[in-house]
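Below is one structure, written out as structure tokens, with a few remarks after it.
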Amino acid sequence: MIEVKNISKDFVSPKKYPGLKGAVKGLFSNEKVVKTAVDDISFSIRKGEIVGYIGSNGAGKSTTIKMMTGILTPTKGTCRVAGINPNQNRKENAKNIGVVFGQRTQLWWDLPLGESFTILKEIYDVPAEDFSARMDFLNDVLELQDFIDRPVRTLSLGQRMRADLGAALLHNPKVLYLDEPTIGLDLVVKDNIRRAIKQINEKYQTTVILTTHDIGDIEELCSRIIIIDEGKLIYDGSLANLKDTYGNKRKISMEIRQPWKLKELHLEETFGVGEDGCSTEFIEETNSFCVTFDKHRIQVPQVLSAVMEVTEVKDVQIQETELAQIVKEIYNHGTAEGR
Ligand SMILES: Nc1ncnc2c1ncn2[C@@H]1O[C@H](COP(=O)(O)OP(=O)(O)O)[C@@H](O)[C@H]1O
Ligand SMILES: [Mg+2]
């Protein structure tokens with residue numbers, strides 16, 4: 001259904017200089033900075049999959065979604081959605097997709113909700129009999145009838161979210177893009193939204209791409225997650241596998257005095273380098289020796305004492321690996337919102 005091949009997106013903006021003087025300097029300078037928001041990402045998604053598209057703030061999630069919906073042109077690479085190049089055939093593509101951005105509504109603020117749906121029916125050319133069957137179904141799963149006559153501006157956030165989801169689904173799109181659909185919602189509404197997404201996916205085989213910080217969304221909906229960090233794809237697989245493989249990883253960086261002595265460390269025997277993704281690295285500029293390991297197999301003091309036997313250690317930092325950090329972030333957001 002979706003085929004993304006080596007897409008990148010660069011944003012070019014004028015270089016900024018600090019302070020007021022800098023602002024003036026900036027006005028007269030032609031210097032540009034290039035920000036690579038999405039960096040050579042490839043994946044394909046089958047019909048009917050629900051995929052979580054995960055990453056920290058600024059990772060490039062929304063930019064990828066905008067390229068898949070045709071709002072942005074990729075700097076490099078190609079993207080096809082239901083066989084169509086979304087950017088070159090935006091009209092054609094619009095019939096196939098539904099989009100919800102959690103932070104803003106696409107409904108008419110002052111109109112009663114029901115009228116928004118009637119307008120969308122015209123825009124998308126939904127035949128009358130399909131329209132009423134569709135409204136019945138959406139009423140059923142999203143419980144819209146309670147507020148269908150009220151102007152959108154009077155709806156609560158949760159009601160508005162259900163209304164937006166309904167609006168995105170009215171024309172029965174093949175692909176549904178949801179960017180932070182449950183942000184700020186209470187548990188009851190979240191649950192309702194998740195159930196609706198699940199039912200729509202089961203009934204119509206709708207393909208769903210979902211960005212979220214909510215671990216509950218991921219656990220309940222996504223059979224697969226794709227993680228991006230600084231524009232690069234760093235994981236594509238199941239949540240369970242991610243937790244097993246990366247959730248327990250730690251990285252310890254030691255600034256050492258006698259790097260040449262590292263060869264006295266028998267890495268394989270001491271740490272089991274290569275097992276469970278355990279690896280070591282030496283960074284010359286900072287004289288840092290780093291060991292990445294599974295915290296259930298090896299403990300920090302073991303690593304430290306083994307290294308201290310061969311060289312003096314000036315400084316120690318214990319970090320989590322990028323993925324572990326991201327997983328933790330996802331979980332923290334989940335907890336912060338009451339899970
Ligand atoms: N129109 C733009 N112009 C310049 N930089 C942008 C633009 N849109 C996004 N960016 C930058 O690209 C990066 C990725 O942004 P985004 O895709 O919105 O991240 P996410 O949705 O994962 O939080 C960020 O560093 C952001 O500042
Ligand atoms: Mg975003």
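First listed ligand is number 1; within each ligand, the first listed atom is number 1. Computed from heavy atoms alone, side chains included, the values below leave out hydrogens, waters and symmetry copies. Counting begins at 1 with the first residue of the sequence.
When only non-hydrogen protein atoms are considered, atom 25 (O) of ligand 1 lies nearest to K35 CE, 3.3 Å. The protein non-hydrogen atom at the shortest distance from atom 1 (N) of ligand 1 is F11 CE2, 3.6 Å. Closest to atom 23 (O) of ligand 1 among all protein heavy atoms lies G58 N, 2.7 Å. What sits closest to atom 19 (O) of ligand 1 on the protein, heavy atoms only, is G60 N, 3.2 Å. Here the protein heavy atom with the shortest distance to atom 16 (P) of ligand 1 is T63 OG1, 3.6 Å.
Atoms of ligand 1 found under 4.0 Å from any heavy atom of S62, numbered from 1 in the order shown, are 17 (O), 18 (O), 20 (P), 21 (O). Near A37, meaning under 4.0 Å from any of its heavy atoms, are these atoms of ligand 1: 12 (O), 13 (C), 14 (C). Of all the atoms in ligand 1, the ones that sit under 4.0 Å from a non-hydrogen atom of N57 are 23 (O).
With hydrogens and angles left out, the side-chain atoms of Y177 and T69 include no donor and acceptor closer than 3.5 Å. No side-chain N or O of T206 forms a donor-acceptor pair with one of N201 less than 3.5 Å apart. Looking at T182 and D217, their side chains do bring a donor and an acceptor atom within 3.5 Å of each other.
In summary, R194 and D214 engage in a salt bridge, as defined by a charged side-chain N under 4.0 Å from a carboxylate O. A salt bridge is defined here as a Lys NZ or Arg NE, NH1 or NH2 lying under 4.0 Å from an Asp or Glu carboxylate O, and D110 with R153 meets this definition.
Among all heavy-atom pairs drawn from H171 and K95, the shortest one is CD2-O, 3.3 Å. The minimum heavy-atom distance between Y204 and K47, with the atom names listed, is O-NZ, 4.4 Å.
Under the 4.0 Å distance rule, the nearest protein heavy atom to atom 27 (O) of ligand 1 falls outside the cut-off. Checking atom 13 (C) of ligand 1 against the protein gives a heavy-atom contact under 4.0 Å.
Among the atoms of S62, an N, O or S atom falls under 2.8 Å from the Mg ion (ligand 2).
Partner of N6 under the side chain to side chain donor-acceptor pair (under 3.5 Å) criterion, chosen from D40, T78, D39: D40.
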